[in-house]
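One structure is given below, encoded as C-alpha cells.
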Amino acid sequence: MPVHNADIAARFEEIADRLEIQGANPFRIRAYRNAARTLAELPQEARVLLEKGEDLTRLPGIGADLAAKVREIVETGHCSLLDRLRRELPPAVTELLQIPGLGPKRVKALYHDLDVQTVEQLYRAARDGRIRALPGFGDKTELNILQAVEAHVSQTHRFKLAVAAQYADTLTAFLQALPGVGQVTVAGSFRRMRETVGDLDLLVTAQAGSAVMQRFTAYDEVAEVLSAGGTRASVVLKSGLQVDLRVVEPPSYGAALCYFTGSKAHNIAIRRLAQKRGLKVNEYGVFRGSERIAGDDETSVYAGVGLPWIPPELREDRGEIEAAREGRLPRLVELSDLRGDLHAHTRATDGHDSLRDMAEAARALGLSYLAITEHSRHLTVAHGLDPLRLTRQCDEIDRLNLELEGIVLLKGIEVDILEDGSLDLPDDVLGRLDLVVGAVHSRFHLTRAKQTERILRAMDHPHFTLLAHPSGRLLEQREPYDVDMLRIIRHARQRGCFLELNAHPERLDLLDSHCQMAKEEGVLVSINSDAHSRYDFANLRYGVGQARRGWLEKDDVLNTRPLAALRRLIRRTM
DNA sequence: GCCGTTTTCGGCCCGACTGTTTTCAGTCG
C-alpha cells in the first residue's frame with residue numbers, strides 16, 4: 001500500500017493535535033502543521049522524490065528531523081513518535097478538537113478530569129451537567145459545548161460559491177442601505193473565489209459607534225447570533241450559512257480588507273515579511289512603531305511591505321509572494337477576455353432552450369462563437385444524440401448560421417468516452433464536426449491505471465479536441481475519479497488537444513492546481529459554461545475565478561482566441 | 001522543529017470576543 005502525501009500530512013496533523021493537548025512547545029506544534037501543509041500541496045509524491053534520491057529538507061518547513069519522519073512513514077507505514085503519542089492519549093481524543101469552542105486546553109481538562117474521550121462521552125458529560133463543575137468552565141461553556149456537539153453531529157457543510165453568492169448579494173444590499181455605512185465588501189474565501197466557502201466574511205466601513213452591528217444581528221435571515229462586539233459579529237443564517245461581519249473606519253479599509261480576505265497562510269507570510277522590515281501589519285494598517293504608514297487601500301498595504309498588489313485569487317501562499325517580489329505576477333485572465341464558449345446543450349438533449357435562444361444569450365454576453373455539444377447516444381438519460389439526430393442538428397446549425405449576426409455556432413458533440421477508451425459515435429460522424437468534446441460519464445471507479453489509459457486512448461482518436469470536466473468531481477457530492485492528471489496533461493500536449501475548465505458551479509473542474517499544471521506543461525484550457533439553459537452563461541464568471549486561482553493568463557485560455565485563430569488551433573492533424 | 005538581507009541561537013503573526021474571572025486564559029479567524 002503506497003503512502004501518499006495526504007497520509008503523511010494527516011499523521012503530522014495528528015501529531016500536532018496531540019502535542020498541543022499535551023502542552024508542548026507551540027512552535028514545535030506549528031512546525032508539524034507547516035510541514036503537513038507543505039506535503040498536502042506538494043504536486044509530487046514524497047515517496048517518488050525519495051525514490052529519486054531527492055533531498056526533502058529543501059522543501060519549505062521540512063528540516064532534518066521531519067525529513068527523517070517522512071522517510072520513516074514512507075518506508076514503514078508508521079511513525080514511531082505518533083505511535084508513542086497514541087499510547088499516551090486515547091485514539092479518539094483528537095476528534096474532540098473538531099468541536100468549535102474546544103481547543104487543546106479544554107480537551108486536556110475534559111480528558112483528565114472527566115475521562116471524556118469521545119464526542120459521545122462529551123455530549124453525555126455536558127447533558128449531565130458535569131462539565132460546569134470543572135475549573136475554568138461554567139454554565140455557559142457547558143451549554144455552548146452541548147449545542148456545538150449537536151451542530152457537529154448534524155454535519156456542517158461548505159456552501160458552493162454560487163450558492164453563497166446569493167446570500168452575499170442580498171446581505172450586501174441590506175447593509176449598503178443602512179445609514180452611516182460606506183463600503184460593503186465580501187472578503188474571505190468568497191473574494192478569493194474558492195469553489196466552496198465555509199462562511200461569508202463581510203467588511204463594512206462605518207463611523208465608530210454606528211448602529212450597523214445591531215441592525216446586522218437583527219437581520220431577518222439571522223437564526224442565531226454567535227457573538228457580537230463593537231466591531232465584530234458572527235451570526236448563522238437560517239440556511240445554516242455562517243456570516244462574520246467586521247466594521248472598520250474608512251482609513252483602515254485597505255488593511256482590514258487584506259486581513260479579512262486572507263488566506264490565513266498568506267496573511268502570516270505578509271506579516272512575517274513586514275516584521276523583517278521592522279514593521280507591523282494588522283487589520284488597522286501598516287505600522288512603524290506607533291506610526292501608521294499605510295492601510296487606506298490594499299495597494300498601500302502591499303507597497304508598505306515592498307510588494308505590488310496581489311489579486312485575491314492568488315492569496316494562498318502558494319508562491320504568489322515570491323512572484324510579486326520578483327515582478328512576475330501573472331496578468332490573470334478576465335471574464336471580458338472570453339470570446340466564445342465551447343460546451344453547451346439545447347433542448348435536443350437535456351438542455352431547456354432552442355439553438356437560437358442559446359446563440360442569442362451567448363451573444364448578449366459578448367461572445368462571438370458558441371459550440372453546441374449535445375450528449376451522445378450512450379447517455380440515454382439525457383436523450384443523447386445518435387448519428388441521424390446529430391446530422392440533423394448539424395444541418396439546422398448550418399441554416400441558422402446564415403441568419404445569425406454577431407455570433408457563430410460551432411458544430412460539436414459531448415461524446416461519451418466508453419470504458420475501453422473508444423468514442424460513442426462513428427468516425428465519419430465525428431469527422432463532420434468542428435470539435436469533439438470527450439467526457440467520462442460512466443464507470444467512475446476504475447483503477448487509476450485503467451481510468452488513465454481510458455482517457456489517453458480517447459485522446460488518441462484523430463477527431464478528439466477537448467477533455468470535458470477532467471476530474472469528474474461534483475462538489476460535496478462525488479469525489480474525482482482516480483487518474484494520473486499529469487500524464488493526461490502531457491498526452492494532451494503531445495496530441496495537440498485541450499482540457500476544459502467546466503464553469504458549472506457544481507463542477508468547477510479543472511481544479512486550480514491542475515490549471516497550474518496545464519499552464520506549466522503548455523496545454524491550453526477552455527473555460528466553458530456547460531450551459532443547459534440561456535441563463536447558465538452567467539456561470540462563466542465562476543470558471544474564470546477558478547482559472548485565476550490556477551494562475552491562468554489570457555493566452556493560457558483557448559477560448560480567448562478570436563474565431564479564426566480558434567479554428568486553426570482545434571483543426572487536428574491526423 | 002525550522003530557519004537565517006542583523007542570527008547556527010533565539011526568535012517564530014496579530015487582535016477580537018467570550019466566559020470566568022476580578023486581570024486573564026482559551027479559542028477563533
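Below, chain A is the first sequence line, B the second, and so on; all start at residue 1. All values reported here derive from a predicted model rather than from experimental measurement.
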By nearest nucleotide on DNA chain B, pick out whichever of A:G229 and A:L279 is the more 5' one.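 The answer here is A:L279.
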Does any N or O donor sit under 3.5 Å from an N or O acceptor when you compare the side chain of A:Y259 with the base of B:dG15?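 It does not, because no donor-acceptor pair links the side chain of A:Y259 to the base of B:dG15 below 3.5 Å.
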So, does the side chain of A:N267 form a donor-acceptor pair with the base of B:dG29 at under 3.5 Å?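 Under the 3.5 Å cut-off, the side chain and the base do not form any donor-acceptor pair.
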Name the nucleic acid region contacted by [X], choosing base, sugar-phosphate or nothing; use a 4.0 angstrom heavy-atom cut-off, strictly under.
X	value
A:A35	nothing
A:G262	nothing
A:S234	nothing
A:A269	nothing
A:K105	sugar-phosphate
A:P104	sugar-phosphate
A:L102	sugar-phosphate
A:D139	sugar-phosphate
A:L66	sugar-phosphate

Short question: side chain of [X], backbone of [Y] - any donor-acceptor pair under 3.5 Å?
X	Y	value
A:T261	A:C258	no
A:E195	A:L508	no
A:K238	A:D220	yes
A:R158	A:T196	yes

Starting from [atom2] on [N], measure out to [atom1] on [X] and report it in whole angstrom.
X	N	atom1	atom2	answer
A:D244	B:dC28	CG	P	13 Å
A:I145	B:dG26	CD1	P	14 Å
A:M213	B:dA16	CE	P	12 Å
A:L134	B:dT20	CG	P	12 Å
A:E142	B:dT20	CD	P	10 Å
A:L226	B:dC17	CG	P	14 Å
A:R58	B:dC2	CZ	P	17 Å
A:I99	B:dG26	CD1	C1'	16 Å

Which way is the base of B:dT6 turned, syn or anti, if we draw the line at 90° from 0?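 B:dT6: anti glycosidic orientation.
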Could you let me know what B:dT8 is paired to, Watson-Crick or G-U wobble, both distances under 3.5 Å, or none if it's on its own?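 Partner of B:dT8: none.
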Could you go over nucleotides 3-9 of chain B and give all protein N or O partners under 3.5 Å, atom names and distances?
{"unit_1": "B:dC3", "atom_1": "OP1", "unit_2": "A:G61", "atom_2": "N", "d": "2.8"}

Fit a plane to each ring of A:F159 and A:Y167, take the angle between them on a 0 to 90° scale, and name the class: parallel (under 30°), tilted (30 to 60°) or perpendicular (over 60°).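 Perpendicular, since the angle between the ring planes exceeds 60°.
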Please state the C1' separation for the pair B:dC13 and B:dC28 - nearest whole angstrom.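 Their C1' atoms lie roughly 14 Å apart.
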With rounding to whole Å, what would you report as the distance between B:dC17 and B:dT22 at their P atoms?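 23 Å, rounded to whole Å.
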Just wondering, more than 12 heavy atoms not from A:E54 lying within 6.0 Å of its CD?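 Correct, the count exceeds 12.
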Could you walk me through whether A:R30 and A:E20 satisfy the salt bridge (Lys or Arg N to Asp or Glu O under 4.0 Å) test, starting with their C-alpha distance in whole Å, then the side-chain angles of each, then the deciding distance to 0.1 Å, before giving a yes or no? CA-CA 10 Å; A:R30 185 183 298 170; A:E20 208 166 14; over 6 Å; no
Straight-line distance of A:D199 CG to A:S189 OG, nearest 0.5 Å: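 If I round to the nearest 0.5 Å, the distance is 6.5 Å.
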